[in-house]
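Everything on this sheet refers to the single structure shown next.
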There are 2 protein chains.
Amino acid sequence: MRASNLSLVLGEVARTGPASRARVAAHTGLTKSSVSGLVTDLIHAGLLEESAPAAVERGRPATALTLAPDGAAGLGLEINVDYLAAVVTDLSGAPRYHHVVRRDNRGREVAEVVADVLEVARTATRSAASQGLPLAAACVAVPGLTVDGTVVRTPNLGWTQVELAAAIQEDTGLEVDLENEANVAALGEMWFGGHEQDGTPLRDFVHVSGEIGIGGGIVIDGQVFRGAHAGAGELGHVVVAPDGPRCACGGHGCLERMAGQQEILARAGVETMADLTRACEAGDQAALDAVADAGRYLGIALASVLTLLDPAAVVLGGAFATLAPWLSAATSASISHHTGATEPPPLMVSGLGSDAAVRGAAGTVVRRVIGDPAAYLARNTARRVGSS
Amino acid sequence: MRASNLSLVLGEVARTGPASRARVAAHTGLTKSSVSGLVTDLIHAGLLEESAPAAVERGRPATALTLAPDGAAGLGLEINVDYLAAVVTDLSGAPRYHHVVRRDNRGREVAEVVADVLEVARTATRSAASQGLPLAAACVAVPGLTVDGTVVRTPNLGWTQVELAAAIQEDTGLEVDLENEANVAALGEMWFGGHEQDGTPLRDFVHVSGEIGIGGGIVIDGQVFRGAHAGAGELGHVVVAPDGPRCACGGHGCLERMAGQQEILARAGVETMADLTRACEAGDQAALDAVADAGRYLGIALASVLTLLDPAAVVLGGAFATLAPWLSAATSASISHHTGATEPPPLMVSGLGSDAAVRGAAGTVVRRVIGDPAAYLARNTARRVGSS
DNA sequence: GCGAGATAGTCCAAGTCGTGAACTAAGTAA
DNA sequence: TTACTTAGTTCACGACTTGGACTATCTCGC
């Protein structure tokens with residue numbers, strides 16, 4: 001009904017940029033009159049704006065419709081092993097505020113870290129308010145499994161059963177959603193990474209995020225693939241060495257055990273990722289071998305991923321993006337060796353690096369507004385009525 | 001609009017069996033009056049029927065609504081390596097005609113096999129007509145990759161670029177859809193296999209169909225997962241032995257190369273699957289070892305599948321269903337060893353065996369009618385008008 | 001066996017929404 | 001200036017859903 005048509009119109013403008021009512025009508029299949037009505041509603045709601053008519057060839061010039069720069073905004077937060085981050089995004093997805101706090105959160109009290117997150121969130125909220133941006137909701141990227149606003153566990157932070165969403169919601173007054181870091185990173189990469197294939201944006205791909213652990217985000221037809229219990233995409237624990245050593249997860253021969261950061265650093269004989277990069281740049285053979293080894297294992301895992309999921313591309317993110325120059329050749333060779341495909345999907349390198357997850361989290365919020373503007377308006381007007 | 005509401009009502013009856021208008025209204029969220037209107041339309045269209053009122057506790061007894069047994073029917077066809085099959089299914093999914101022709105199709109001319117398929121289809125069509133079942137469309141299960149009505153390739157039949165859909169369509173006058181055998185087998189298993197989990201039908205699972213090759217069907221939220229180029233689910237070519245031998249697909253160490261029928265038979269030292277089953281029943285150690293070995297490899301592949309896709313269950317079909325008694329222990333152990341999960345998803349055994357694919361194909365047709373009855377009616381009345 | 005209560009289903013007036021045609025607005029090309 | 005082209009609005013109509021009133025048909029308790 002009208003709700004879905006509102007989204008259709010708003011989504012069309014969001015996708016294709018400034019558009020006239022007539023073009024929206026043509027693209028969506030609705031009639032000009034319907035679009036006219038829907039557009040006036042969206043303008044009154046403050047989500048759409050008219051801008052100056054563009055010069056044209058023939059006929060009456062079209063009045064361009066654009067997403068209102070102060071229509072609705074999303075707050076993205078990220079809790080990670082060695083940093084916290086916040087981003088505020090407007091309807092178009094453009095970042096309007098960006099802040100990162102570097103600090104190793106391993107071993108710290110959960111309450112302490114949560115307090116830091118609240119502080120970061122408050123500062124971001126104030127910035128949004130001062131810019132006149134109404135926050136629709138917040139989304140938090142967490143490096144672990146989340147269910148219904150609760151962090152079930154984060155392997156590398158050691159959290160279990162933390163009611164994070166409620167805490168942030170109480171403090172900021174915003175609706176809060178928790179998401180797996182690998183999943184929102186994949187979405188961020190899709191929306192803001194600028195990847196294209198045959199001229200159209202990527203909508204089916206696998207994103208590999210190599211932070212301390214190895215995560216994976218599977219995106220199919222523009223949607224994150226979550227599986228039955230929200231546990232899908234755990235690329236780090238695909239079996240790449242059936243007779244391999246025991247992994248922290250309890251399995252044997254997992255990718256993370258064979259090609260995780262700890263393993264690479266140990267084999268290369270260096271301490272930090274920065275050291276490793278320097279060693280590779282200097283042509284250190286041990287470092288290059290260690291990275292190539294990891295690339296080979298990654299290729300084995302990706303070979304299975306490609307045959308099982310048939311994605312259109314693979315995007316290397318996080319640490320793997322940094323190591324790509326010395327890693328991707330080995331990975332590509334390994335993929336070819338294990339799939340026999342003459343033309344495996346392209347191996348792309350992340351354009352956002354570590355920002356992908358926060359930006360994806362913030363983007364999730366505004367995409368949800370675009371996906372159902374009626375719901376956003378209903379909530380918003382209801383709140384106004386309630387508070388008046 | 002009305003189209004989606006018609007489907008909502010019809011789908012409710014299809015899911016929950018005989019239901020009163022009132023219950024449909026309560027379940028779907030529509031009002032009683034809307035349901036009344038929609039139901040009269042569906043009855044006039046011949047898709048729904050009123051049956052005798054059931055005895056009740058208090059109040060006016062409800063007139064039960066059931067799917068019309070002769071409302072619309074689907075023709076399912078299957079072309080496989082060593083047989084052809086046809087099934088006609090009524091709206092409820094019940095098979096009303098079932099015919100299998102056993103014959104090894106390897107090495108035969110494509111045209112010959114297609115002629116056989118047409119013959120099988122004609123006989124099925126006649127049977128449907130004599131039962132008063134109006135066929136809505138046909139769906140053909142093919143053991144290979146299909147795109148847009150064309151069989152791109154079938155590894156074990158050696159077909160390439162066969163315009164199968166057009167041929168069948170011309171001969172039968174039905175709309176024809178081609179599907180991958182493993183995918184429709186998974187759907188058939190879901191709809192007609194009787195699998196349940198916690199009292200609700202399975203909707204997220206992986207179906208392993210071990211015929212001559214090893215295929216996989218991934219079902220997520222009741223939908224087949226196809227990937228970007230319709231090539232997803234190729235379980236047979238997941239890497240289970242990174243240093244293993246070359247597979248026919250060009251890769252190395254694929255599951256099919258390590259645990260396919262040929263490999264098992266060779267290792268067990270027998271000629272046919274029937275021999276193998278007998279040997280296992282007799283307790284022959286070589287046979288038992290061969291099957292257990294295959295089970296172990298299958299477990300490695302499934303471990304990766306479980307971590308990547310997080311399904312709620314795994315269903316063993318085809319030859320693996322037959323071998324399950326001697327295979328599943330090894331598979332379960334191997335899964336546990338490689339995932340470390342304390343409670344991996346249950347390993348179920350197919351209830352349909354080799355019938356899963358044809359029944360799934362026929363079911364696809366009627367499910368499509370239920371999913372969009374308005375489209376079916378539009379096509380049907382248009383045809384009637386056109387031919388009158 | 002008769003009314004009260006309960007449940008199923010229909011009917012109808014009201015309101016919502018998209019459609020399509022006619023119309024107005026605003027430009028270019030000759 | 002006229003013809004043509006494209007953008008956008010207005011409005012009557014039709015298709016649907018809704019909600020309430022009304023009818024139908026059963027069980028239960030007296």
Side-chain angles (χ1 to χ4, degrees), chain A residues 1-13 16-45 47-66 372-375 377-378 381, chain B residues 1-13 16-45 47-66 372-375 377-378 381:
Chain A
M1 55 174 77
R2 69 181 162 293
S4 91
N5 282 339
L6 282 173
S7 164
L8 209 62
V9 171
L10 193 56
E12 176 63 26
V13 176
T16 66
S20 69
R21 291 169 172 78
R23 223 189 62 192
V24 171
H27 279 51
T28 58
L30 298 168
T31 55
K32 284 192 299 174
S33 27
S34 300
V35 172
S36 252
L38 295 165
V39 163
T40 45
D41 278 10
L42 288 170
I43 290 178
H44 280 142
L47 296 177
L48 231 44
E49 270 187 2
E50 278 187 335
S51 41
V56 281
E57 282 295 297
R58 281 199 302 262
R60 169 174 169 180
T63 53
L65 298 169
T66 51
D372 194 352
L377 296 175
T381 50
Chain B
M1 54 173 76
R2 67 184 164 291
S4 91
N5 281 339
L6 281 173
S7 164
L8 209 62
V9 170
L10 193 55
E12 176 65 26
V13 176
T16 67
S20 69
R21 292 168 171 79
R23 223 189 62 192
V24 171
H27 281 49
T28 57
L30 299 168
T31 57
K32 283 191 299 172
S33 20
S34 300
V35 172
S36 251
L38 295 164
V39 163
T40 46
D41 278 10
L42 289 170
I43 289 178
H44 281 141
L47 296 177
L48 231 44
E49 269 187 4
E50 278 188 333
S51 42
V56 282
E57 283 295 300
R58 277 196 305 262
R60 172 174 166 179
T63 54
L65 298 169
T66 51
D372 193 352
L377 296 175
T381 51

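We name chains A, B, ... by the order of the sequence lines, and we start the count at 1 in each one.
Residue B:Arg2 contributes atom CZ, which lies 15 Å from atom C1' of C:dT16 at whole-angstrom precision. Distance, B:Leu65 CG to C:dG9 C1': 11 Å, rounded to whole Å. Distance CD (B:Glu50) to P (C:dA8): 14 Å, rounded to an integer number of Å. The distance from atom CG of A:Leu38 to atom P of C:dT16 is 15 Å, rounded to the nearest whole Å.
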Could you run down the sub-3.5 Å N/O contacts of the protein with nucleotides 12-14 of chain C?
none

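Considering only side-chain N and O atoms, A:Asn5 lies under 4.0 angstrom from the phosphate OP1 or OP2 of C:dG18. Residue A:Thr31 has no polar side-chain atom (N or O) positioned under 4.0 Å from OP1 or OP2 of C:dG20. Distances shown here put a side-chain N or O of B:Arg58 below 4.0 Å from the OP1 or OP2 atom of C:dT7.
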(Q) Could you walk me through whether A:Asp41 and A:Leu38 satisfy the side-chain contact (heavy atoms from CB on, under 4.5 Å) test, starting with their C-alpha distance in whole Å, then the side-chain angles of each, then the deciding distance to 0.1 Å, before giving a yes or no? (A) CA-CA 5 Å; A:Asp41 278 10; A:Leu38 295 165; 5.5 Å; no
Q: Mind running side-chain contact (heavy atoms from CB on, under 4.5 Å) on B:Val9 and B:Arg21 for me, showing each step along the way?
A: CA-CA 9 Å; B:Val9 170; B:Arg21 292 168 171 79; over 6 Å; no
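Mapping A:Ala3 and A:Lys32 onto DNA chain C by nearest heavy atom places A:Ala3 closer to the 5' end of the strand.
The line from CD of A:Glu50 to CG of A:Leu65 is 6.0 Å long, rounded to the nearest 0.5 Å. In this structure, the separation between CG on B:Leu42 and CG on B:Leu6 is 5.0 Å, given to the nearest 0.5 Å.
Using a 4.5 Å heavy-atom threshold, the side chains of A:Asp372 and A:Ser7 count as separate. You'll find the side chain of A:Thr16 reaches within 4.5 Å of the side chain of A:Arg23, heavy atoms only.
Residues of residues 19-26 of chain B that place a heavy atom closer than 4.0 Å to DNA chain C, in numerical order, are B:Ser20, B:Arg21, B:Ala22.
Judged by atom type and distance alone, B:Arg60 reaches the base of C:dA8 through a side-chain donor-acceptor pair under 3.5 Å.
Annotation for B:Ala64 and B:Pro18: closest pair CB-CB, 4.3 Å, computed over non-hydrogen atoms. Residue A:Val24 comes nearest to A:Ala19 through the heavy atom pair CG2-CB, 4.0 Å, listed as atom of the first residue, atom of the second, then distance.
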